[in-house]
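Below is one structure, written out as structure tokens; comments come after it.
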Amino acid sequence: MRRILAGLGTAATLAACMLYASPPAGAADAPYDVLVFSKTAGFRHDAIPAGVQAIKDLGAAGGFTVTATEDAAAFTTANLARYEAVVFLLTTGDVLGDAQQSAFESYVRGGGGYVGVHSAADTEYDWPFYGQLVGAWFASHPAIQQVASKTENRAHPATAHLPRTWTRTDELYNYRTNPRGSARVLATLDESSYSGGTMGADHPITWCKGVGTGRSFYTGFGHTKESYAQADFRTGLLGGIRYAARRAHADCRPETGYGTLYDGSTTGWRQSGPGGFTEADATLSSTGGMGLFWYSAKQYTSYSLKADFRLTGDSNSGIFVGFPDPGGDPDVAVDQGYEIQIDATDTPDRTTGAIYGFKAADIAARDAALNPPGEWNTYEILVEGQRLRVYLNGSLINDFTNSDPNRGLDGYIGIQNHGGADQVAFRNIRVKETSATNDVTTQAESYSSVNGAQPFAKAGANNGQTLGYIDPGDWSGYTGVDVGGATSFRARVVSGGPGGRIQIRTGSPTGTVLGTVNVPNTGGWDAFATVSTPLTGVPAGSA
């Protein structure tokens, strides 16, 4: 069942609805150890010495030691335990024996890190676990040439520094399978920019994933010796190593089906209150405040919202959900919605991961997943009915259920510019609506058009308001509501008088009647009740 929820008020408090369908400066990693393995049993790349030296240079500057070997005897349980990450650098063919494979699989599944570079995908074809670990095996490649690489994820430490389109020269692999179903793709190749691609419009080249409790990072770049002297490539390699070694964190769960709210275009966004956000390089940066930049094109009920964010120093911001149209007053979101806080330091119920003022994050889980100020993080805010879960870089850190009748989790989405001293940036805000609860809830006072009725502040109403002052023939209309497959309508109402009747129509105030429900006297102007009716003939999709 899907529903459209509306609460209104006057002589009969009703709803009349029409449906229209190098680590960053200041950050220092705890010391760690990396094993670089470059054994080959097939083609041997002449870039191996340059690659080994580049990783040693990165280690000297980044606080990790490097042991380089081509001896598979290093793959024992005891020896692997010395390392936070193992790099398969330009390996080819069958390079490990059965006992060595078993030790390495246990190492990864138990929390160890793996980094695969280029022909690491041309390795261990007969070992199923390795195929899972690397993500996809090599199929073929054209000649070395220039390519446009599209940076899909600009929050991961391996790709956050890259432009949206990165032009580089390398040997470009085609893979036997697409890793997207099991990994978070970080970058893809634009096959229209070169010759010899065979994977079509979705050609991943860099990705990350979890395997057991371990971490895997792979990049198909790195064939040429010149790559290892290039700053952008070296920074990406360092980011992959830091991620695998748990010195940086990212959401590497597979991601499909999200629609973009912001990725370089502010269409549909509005500013409420002072200050705002500047936009450059598909990045929003806060200025002034305290204000709210909110997505006005649609309200959301059950959904997964993801956003990448970065703080500067001890700054303050947040993501708001579940608020009605704030007009010019950002306090509407504060008073009637919920803020998922972004703040480097504050009390537990007011720091990163908290439902501001209501529930602190699981601090241990939060601390284990949080990148420090200056680095990018990713939130997933998962709303299912009145339950809200917060994931930070893929880890669950808060689970909250709304029980306040004056607030709700259904409504608009916004980001906060807290003040001139608080610097926050956002990238890649995206959303995927879900059908987990099979409900679509719309606040009656958040109409797109109206005749006669007006919003009315009322204690006990969701978000603190009803739609009231309703006379016979008055109506309110709503656009952008996902009504496809709706079978019933439900409304929360209050009436101290004789009641009335709600008609649900589509298209216009005189459009087809989809259903009708009677509203009784609910027992007083402060006594809310729920009424419902079946619907027939509801159009598909969003109205």
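- Neither side chain, Thr224 nor Asp170, offers a donor N or O lying under 3.5 Å from an acceptor on the other.
- Between Tyr412 and Phe323, the ring-plane angle classifies as tilted under the 30° and 60° cut-offs.
- In this structure, the side chain of Ser119 engages the main chain of Leu90 through a donor-acceptor pair within 3.5 Å.
- Rounded to the nearest 0.5 angstrom, Glu380 CD and Leu382 CG are separated by 5.0 Å.
- By the 4.0 Å N-to-carboxylate-O rule, Asp251 lies close enough to Lys306 to be salt-bridged with it.
- Ring geometry for Phe88 against Phe75 counts as perpendicular: the plane angle is over 60°, on a 0 to 90° scale with 30° as the lower cut.
- Atom CG of Leu237 sits about 11.0 Å away from atom CG of Asp57, to the nearest 0.5 Å.
- For the residue pair Asp343/Asn316, the side-chain donor-acceptor check at 3.5 Å is satisfied.
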For this session: Any chance you could lay out the ring-ring contact (aromatic ring centres under 6.0 Å, His included) test for Tyr338 and Phe400, step after step, and finish with the verdict?
Result: CA-CA 11 Å; Tyr338 285 102; Phe400 170 77; 5.1 Å; yes
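- Here the side chains of Gln145 and Ser195 are in contact, with some heavy-atom distance below 4.5 Å.
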Problem set entry | Step-by-step salt bridge (charged side-chain N to carboxylate O under 4.0 Å, His left out) determination, Arg430 to Asp308 | CA-CA 9 Å; Arg430 63 262 194 210; Asp308 305 332; 3.2 Å; yes
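- Using a 4.5 Å heavy-atom cutoff, the side chains of Arg168 and Val147 are in contact.
- In terms of heavy-atom proximity, Ala248 sits nearest to Arg215 at O-NH1, 2.8 Å.
- Contact annotation: the side chain of Phe37 approaches that of Thr69 to within less than 4.5 Å [non-hydrogen atoms, C-beta and beyond].
- Atoms OG1 and OH, on Thr267 and Tyr262 in that order, are 11.0 Å from each other to the nearest 0.5 Å.
- Counting only heavy atoms from C-beta outward, the side chains of Thr165 and Asp190 never approach each other to under 4.5 Å.
- Taking the ring axis of Tyr391 as reference, the NZ or CZ atom of Arg253 stays within 45° of it and closer than 6.0 Å to the ring centre.
- Under the 3.5 Å distance criterion, with hydrogens and angles disregarded, no donor-acceptor pair is assigned to the side chains of Glu375 and His249.
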Exercise. Which is it for Thr266 and Leu284 under the side chain to side chain contact (heavy atoms under 4.5 Å, CB included) test, yes or no, and what are the steps along the way?
Worked result: CA-CA 9 Å; Thr266 56; Leu284 293 169; 4.0 Å; yes
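- Going from atom OG of Ser395 over to atom CG of Leu370 covers 10.5 Å, rounded to the nearest 0.5 Å.
- Electrostatic pairing of Arg184 and Glu152 counts as a salt bridge here, judged by a charged N lying under 4.0 Å from a carboxylate O.
- Of the possible polar contacts, one joining the Asn393 side chain to the Ala369 backbone as a donor-acceptor pair under 3.5 Å is found.
- Counting heavy atoms of neighbouring residues, nucleotides and ligands inside a 6.0 Å radius, atom CG of Asp71 exceeds 12 of them.
- Within the 4.5 Å cutoff, side-chain heavy atoms of Tyr114 are placed close to those of Tyr130.
- Annotation: the span from Tyr175 atom OH to Trp137 atom CH2 amounts to 14.0 Å, rounded to 0.5 Å.
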For this session: Show your working on side chain to side chain contact (heavy atoms under 4.5 Å, CB included) between Val321 and Ile340 and close with a plain yes or no.
Result: CA-CA 8 Å; Val321 298; Ile340 296 83; 4.0 Å; yes
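- Side-chain atoms of Ser315 and Gln423 form no donor-acceptor pair, as typed in the model, at a separation below 3.5 Å.
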For this session: Show your reasoning for whether side-chain hydrogen bond (donor to acceptor under 3.5 Å, both in side chains) applies to Asn153 and Glu255.
Result: CA-CA 11 Å; Asn153 183 311; Glu255 182 175 309; 5.9 Å; no
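- Between His141 and Phe138, the ring planes lie tilted relative to each other; the angle falls in the 30° to 60° range.
- No hydrogens or angles considered: a donor-acceptor pair under 3.5 Å links the side chains of Ser38 and Glu70.
- The backbone N or O of Ser265 sits nowhere less than 3.5 Å from a side-chain atom of Glu279 that would complete a donor-acceptor pair.
- When all heavy atoms are compared, the tightest approach of Gln416 to Phe277 is O-CZ, 3.5 Å.
- Side-chain contact check for Thr92 and Asp122: no donor-acceptor pair (N or O, by modelled atom type) lies under 3.5 Å.
- Put simply, the side chain of Asn417 gets close to the backbone of Gly288: a donor and an acceptor are under 3.5 Å apart.
- Using cut-offs of 30° and 60° for the angle between ring planes, the His156 and Phe217 rings count as parallel.
- Using cut-offs of 30° and 60° for the angle between ring planes, the His223 and Phe43 rings count as parallel.
- Remark: side-chain polar atoms of Tyr83 are not paired, donor with acceptor, to backbone N or O of Ala245 under 3.5 angstrom.
- Atom NZ of Lys359 sits in a crowded spot, with more than 12 heavy atoms from other residues, nucleotides or ligands closer than 6.0 Å.
- Once rounded to the nearest 0.5 Å, the distance linking CD of Glu339 with CZ of Phe320 reads 3.5 Å.
- In this structure, the side chain of Ser286 engages the main chain of Asp422 through a donor-acceptor pair within 3.5 Å.
- Looking at Leu305 and Ile429, their side chains come closer than 4.5 Å, going by heavy atoms from C-beta outward.
- In this structure, the side chain of Arg154 does not engage the main chain of Trp376 through any donor-acceptor pair within 3.5 Å.
- No side-chain donor-acceptor contact under 3.5 Å links Ser102 to the backbone of Asp98.
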